[in-house]
Structure formats: C-alpha cells, structure tokens
J.: 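Okay, here's the structure, questions in a sec.
Computation of the quantities below employed the complete heavy-atom set of this structure, encompassing side-chain atoms and omitting hydrogens, waters and symmetry-equivalent molecules.
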Protein chains: 2
Amino acid sequence: MNAKTNTNRRLSPEDREQQILEGAVKFFAEKGFSGQTRELALQLGITQPLLYRYFPTKRSLIERVFEEAYINKLDPEWSVALTDRSQSLHKRLCTFYCNYSEATYRNEWIRIYMFSALMEEPLNRHYIGLVEEQILTPICIELRDYCGLPKVDISPISQIELDHIWVMHGGLFYHAIRKHIYRSRVSNDFEEIVSRAVSTMLEGSKAAQS
Amino acid sequence: MNAKTNTNRRLSPEDREQQILEGAVKFFAEKGFSGQTRELALQLGITQPLLYRYFPTKRSLIERVFEEAYINKLDPEWSVALTDRSQSLHKRLCTFYCNYSEATYRNEWIRIYMFSALMEEPLNRHYIGLVEEQILTPICIELRDYCGLPKVDISPISQIELDHIWVMHGGLFYHAIRKHIYRSRVSNDFEEIVSRAVSTMLEGSKAAQS
DNA sequence: GTTTTTATTTATCATCTGATAAACTAATTC
DNA sequence: GAATTAGTTTATCAGATGATAAATAAAAAC
C-alpha cells in the first residue's frame with residue numbers, strides 16, 4: 001500500500017509498534033510463519049532492520065501475533081447465555097454461533113490458527129481445551145436436557161457425546177475453512193447455515209433417542 | 001531411522017526414487033513445504049545432493065509429493081454406490097464415509113492437504129471441485145428424494161443445500177483435523193461418529209421439512 | 001537557531017539453504 | 001581381474017535470510 005509513500009514516516013514508538021503488529025498479523029496469516037522479514041517490511045513500507053528496533057527477534061514478533069490473534073476472542077458471557085433455559089436451545093445455539101463466528105471466523109484468525117496448529121504451537125492445544133470446557137461441554141449438558149436424558153451428575157459427558165457435538169461445531173468451523181483457507185465460493189448467509197445446522201442437530205439427536 | 005545404518009546403500013534408481021518420495025511425503029507432511037532438503041536427506045539417511053540426482057528441484061519433488069498424496073484417493077465406485085437406492089440412504093452414507101475416511105483421513109494426507117490449501121496450491125481447488133461434483137451433489141439429490149422434495153430437474157441443487165451437506169461433510173473431516181493436525185484425543189470409534197452424524201443429518205433434514 | 005535526542009535507513013555480517021561439480025566407490029562388463 | 005559404468009558422497013557456490021552496527025535525518029529541547 002504505502003510502500004513508498006513517505007506519509008507516515010517517523011511515528012511514535014507506540015504507533016509504529018502497533019502498525020508493525022497489525023501488518024505482521026496480515027502478513028503471517030497470508031504467508032505463514034516462514035514468511036520473510038524483508039517482505040513484511042516492504043509490505044509495511046519500512047526497512048527490514050526497523051522491525052528489530054521494536055521486536056528483538058522474528059520469533060518474538062510471531063509470539064505477539066499469536067497474542068494479538070487470540071486474546072479476547074472467547075467472551076465468557078456466551079457460556080452463560082448458552083445455559084440460560086429461559087430461551088429455546090435452538091435460539092441460544094444460533095445466537096452463540098453467530099457471535100462466535102463473528103469473533104473468530106475471520107480471515108486472519110482462521111489462517112493463523114491453522115498455521116499455528118500445523119506448527120504444533122501450544123496455543124492451539126490451549127484453545128481447544130477452552131472450547132471443549134466452556135462451549136462444547138455446556139452444549140452437551142443442554143442437549144441432554146433437551147433430549148430428556150440423564151443429568152451430568154448421574155453420568156458424566158462421554159467422549160462420544162463430545163465428539164458428536166464436535167461434528168456440528170467442526171462443520172460450522174469448516175465453513176470458515178472453506179471460505180478463508182480454501183477460498184471457495186460459499187454461501188454468505190451464515191445465519192441460515194447455522195440455523196439449519198442447529199435444527200438438524202437438535203431434531204436429529206432427539207430422533208436418535210427413540 | 002536408518003540415518004547412519006549403511007544397510008541400503010547403492011539402491012537401484014527406482015527403489016531410491018521411491019524411498020525418497022515416501023520419505024518426502026512423511027517429511028513435508030510434518031514440517032510443511034518450507035522444510036529443508038538437508039533435514040529431509042538426514043531423515044532418509046542419505047546426503048542432500050543425492051536428492052537432486054532424482055529430482056531436479058525441490059519444487060519438483062513437492063509436485064511429486066502432491067501427486068503421490070492425491071492419486072487414486074477418490075474411487076468412482078463410491079459415487080455409484082451412493083445412488084444405489086436398493087439400500088437405505090443411511091447405510092449408503094455410512095458405508096461411503098467409512099471408505100472415504102479410510103482413504104483420506106490419514107495423517108500424511110490431511111496435513112499435506114491443509115499445507116497445500118494454505119499455500120494456495122491449485123490441487124486443493126481441484127479436489128474441492130471433485131468432492132462437490134462427485135460426492136456432495138449426489139448426496140443432495142438423494143437427500144431430496146429422502147425428504148420427498150422436488151427432483152433436480154425441477155430445481156437445481158442450490159448453494160445453501162450444498163452448504164448444508166458441507167456442514168456434515170466438514171464436521172466429519174474436522175474429526176480428522178482434530179486427530180492429525182490438532183493432535184487432540186478423539187474417539188477412535190469413527191464408525192459410531194459417522195453413524196450418529198448421518199442419522200442426525202437425515203432425521204434433522206426430514207424434520208425441518210414439516 | 002543551535003544542540004540534543006531518537007526514529008529510521010544504509011551497509012554489512014554470519015548463517016542457512018537450494019543447487020552444482022568433482023571426487024569417490026560399489027557394482028557391472030568384458 | 002582389469003576396465004567401465006553408475007550410484008553416492010565431499011566440497012563448494014550463490015543467493016537468501018535473520019540480525020547487528022554505524023550513519024542519517026527528523027523531531028524535541030534549550
């Protein structure tokens with residue numbers, strides 16, 4: 001963009017650091033973490049050594065990119081809303097997935113997430129733990145109630161129940177993979193897809209009981 | 001493994017090429033395509049220049065890895081079996097996904113697939129086209145029949161119908177992503193997961209009509 | 001307006017990495 | 001068994017790449 005426009009030369013350290021960080025998120029999301037510092041600098045319209053004024057190593061910049069991409073993505077409020085039985089489970093799940101997708105099914109996030117997973121960065125594992133604990137297990141509990149099955153304190157949520165919900169969760173996540181990683185043409189009406197996926201899961205799970 | 005065992009020195013060109021290719025599949029599946037030729041050679045127990053006796057460039061080796069990973073993975077017979085209405089749709093889908101997963105939900109395949117998709121290799125796009133055409137569209141057609149909806153020649157399969165099936169398909173694929181990319185603990189009883197996902201999709205889709 | 005400070009650039013290093021050429025050696029040929 | 005062929009290794013190159021130090025220039029201080 002502003003590769004040669006000397007518009008914003010000599011920024012304050014805070015602004016420059018922020019600009020580099022934002023540029024690095026976009027850059028590494030596109031190229032992966034083997035992307036080169038010179039190319040990143042070029043894209044930012046600065047020289048490569050300037051990166052090292054703000055980040056001691058390439059690795060340290062990548063770590064900051066992780067932080068930037070991951071913080072404040074899971075709103076604890078959502079878990080609470082998921083278990084609020086004053087609303088229908090269908091409604092709750094649709095609301096949740098619309099919020100959740102808006103926060104995480106973004107180009108940079110999805111791509112950095114997949115790159116980091118392939119590189120076995122610890123953040124992926126940590127995030128998976130959070131998802132299972134704060135989202136999928138609550139959904140399993142609500143689904144038990146919805147289907148008239150025993151409560152959690154009678155028998156804990158099994159791996160197969162979790163994996164069953166993972167299929168819906170993963171199916172919706174996969175929509176974002178198709179869009180941002182495969183770059184396929186996908187339907188833009190994600191709300192409709194969520195609504196259908198949720199209805200299908202709820203009705204299908206109930207039907208499977210009988 | 002046999003990094004220093006001079007057991008299989010001086011192989012025939014065919015054997016050596018095959019050995020390098022197999023090693024390269026494993027290596028690039030693990031490290032991604034920015035993995036280095038020296039490390040690959042070390043893992044193979046040969047010297048790095050020997051690679052260039054069999055493959056003129058690193059890129060050409062990677063191309064061969066793609067070919068190796070992708071050929072003969074989709075059996076055309078499966079598409080035929082999917083539309084054989086002498087069996088229940090549930091049975092057909094379960095059989096298909098068990099065959100399909102056995103062929104493609106393998107560690108090397110899944111990881112190379114995702115690396116190549118992130119790198120925007122054309123193979124991914126090509127493969128997606130095949131899946132939509134030979135698998136998902138047939139399933140949509142069968143699902144129409146199952147739900148008592150109009151035939152394809154009345155109204156063509158819409159993007160939203162395709163995306164709906166993509167959720168199930170992606171959900172099952174995501175199981176393999178969790179296993180081989182996230183390396184999470186997942187249920188090994190994949191047949192059970194397939195059976196549940198298929199039942200849920202079928203019953204859910206039917207219920208959504210009423 | 002001169003001096004001081006500091007953000008940024010230019011020049012450069014050391015190592016890595018894909019690739020090549022020559023040397024070596026284990027088979028094969030005669 | 002000597003000569004030839006061919007698979008493999010050693011030595012090495014050229015460009016790429018992360019990182020550093022010195023030079024430059026824009027802003028701040030006085």
Side-chain angles (χ1 to χ4, degrees), chain A residues 1-66 115-116 119 121, chain B residues 1-66 115-116 119 121:
Chain A
M1 299 294 178
N2 53 1
K4 210 51 185 172
T5 68
N6 292 11
T7 34
N8 54 358
R9 282 181 35 151
R10 212 175 169 85
L11 297 184
S12 76
E14 299 74 37
D15 289 351
R16 183 63 79 194
E17 183 172 330
Q18 190 58 29
Q19 183 221 15
I20 291 176
L21 199 47
E22 284 172 17
V25 168
K26 280 187 187 173
F27 178 77
F28 289 123
E30 200 54 37
K31 309 275 177 174
F33 301 116
S34 53
Q36 298 145 18
T37 55
R38 275 173 182 77
E39 203 183 334
L40 166 59
L42 184 73
Q43 193 169 300
L44 283 165
I46 61 175
T47 56
Q48 180 247 5
L50 190 57
L51 296 172
Y52 290 87
R53 172 90 178 186
Y54 296 92
F55 301 92
T57 61
K58 180 184 177 183
R59 178 69 205 175
S60 72
L61 175 55
I62 290 174
E63 304 272 8
R64 285 292 306 279
V65 166
F66 285 140
F115 274 122
S116 76
M119 301 291 188
E121 297 290 343
Chain B
M1 296 294 176
N2 51 2
K4 212 49 184 170
T5 66
N6 290 11
T7 32
N8 55 358
R9 282 182 35 151
R10 214 176 168 81
L11 295 185
S12 76
E14 299 75 36
D15 288 353
R16 182 63 79 192
E17 184 174 328
Q18 190 58 30
Q19 183 220 17
I20 291 176
L21 199 48
E22 283 173 17
V25 167
K26 280 189 188 172
F27 178 77
F28 288 123
E30 199 55 37
K31 309 276 178 172
F33 301 116
S34 53
Q36 298 143 19
T37 54
R38 276 172 180 77
E39 202 183 335
L40 165 59
L42 184 72
Q43 193 169 299
L44 283 163
I46 61 175
T47 57
Q48 181 247 3
L50 189 57
L51 298 172
Y52 289 87
R53 173 90 178 185
Y54 295 92
F55 302 92
T57 62
K58 182 185 176 183
R59 179 69 205 176
S60 71
L61 175 56
I62 290 175
E63 302 273 9
R64 286 292 306 279
V65 165
F66 284 141
F115 273 122
S116 76
M119 300 292 187
E121 296 290 342

J.: Taking OP1 and OP2 of D:dT8, is either one under 4.0 Å from a side-chain nitrogen or oxygen of B:T47?
T.: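 So the side chain of B:T47 is outside the cut-off, no N or O lying under 4.0 Å from OP1 or OP2 of D:dT8.
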
J.: Under 3.5 Å between N/O atoms: give me all the protein pairs with nucleotides 23-29 of chain C, atom names plus distance.
T.:
unit_1 : atom_1 : unit_2 : atom_2 : d
C:dA26 : N3     : B:R10  : NH2    : 2.8

J.: A:E17 CD to C:dT8 P: how many Å, rounded?
T.: 12 Å

J.: Specify whether B:F115 and B:F33 have parallel, tilted or perpendicular ring planes, treating 30° as the upper limit for parallel and 60° as the lower limit for perpendicular.
T.: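 Ring orientation of B:F115 relative to B:F33: perpendicular.
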
J.: Go through residues 24-34 of chain A and report each residue with a non-hydrogen atom lying under 4.0 Å from DNA chain D, sorted by number.
T.: none

J.: Do any side-chain nitrogens or oxygens of B:Y52 fall under 4.0 Å of OP1 or OP2 in D:dT8?
T.: no

J.: May I ask you to verify if any side-chain N or O of A:R16 is less than 4.0 angstrom from the OP1 or OP2 atom of C:dT8?
T.: yes

J.: Output the rounded distance in Å from CG (B:L42) to P (D:dT9).
T.: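 It is 12 Å, rounded to the nearest whole Å.
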
J.: Please give, in whole Å, the distance from D:dA25 C1' to A:L11 CG?
T.: 15 Å

J.: I'd like to know if the side chain of B:K58 and the backbone of B:Y52 have a donor-acceptor N/O pair within less than 3.5 Å.
T.: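 Between the backbone of B:Y52 and the side chain of B:K58 there is no qualifying donor-acceptor contact (under 3.5 Å).
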
J.: For the residue pair A:R16 and A:R10, what are the closest heavy atoms and their distance?
T.: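 Nearest pair, atom of A:R16 first, then A:R10: NH2-N, 3.6 Å.
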
J.: What's the CZ-C1' distance between B:R38 and D:dT10, to the nearest Å?
T.: 12 Å

J.: Using a heavy-atom cut-off of under 4.0 Å over every strand shown, decide if A:P49 touches base, sugar-phosphate, or nothing.
T.: base

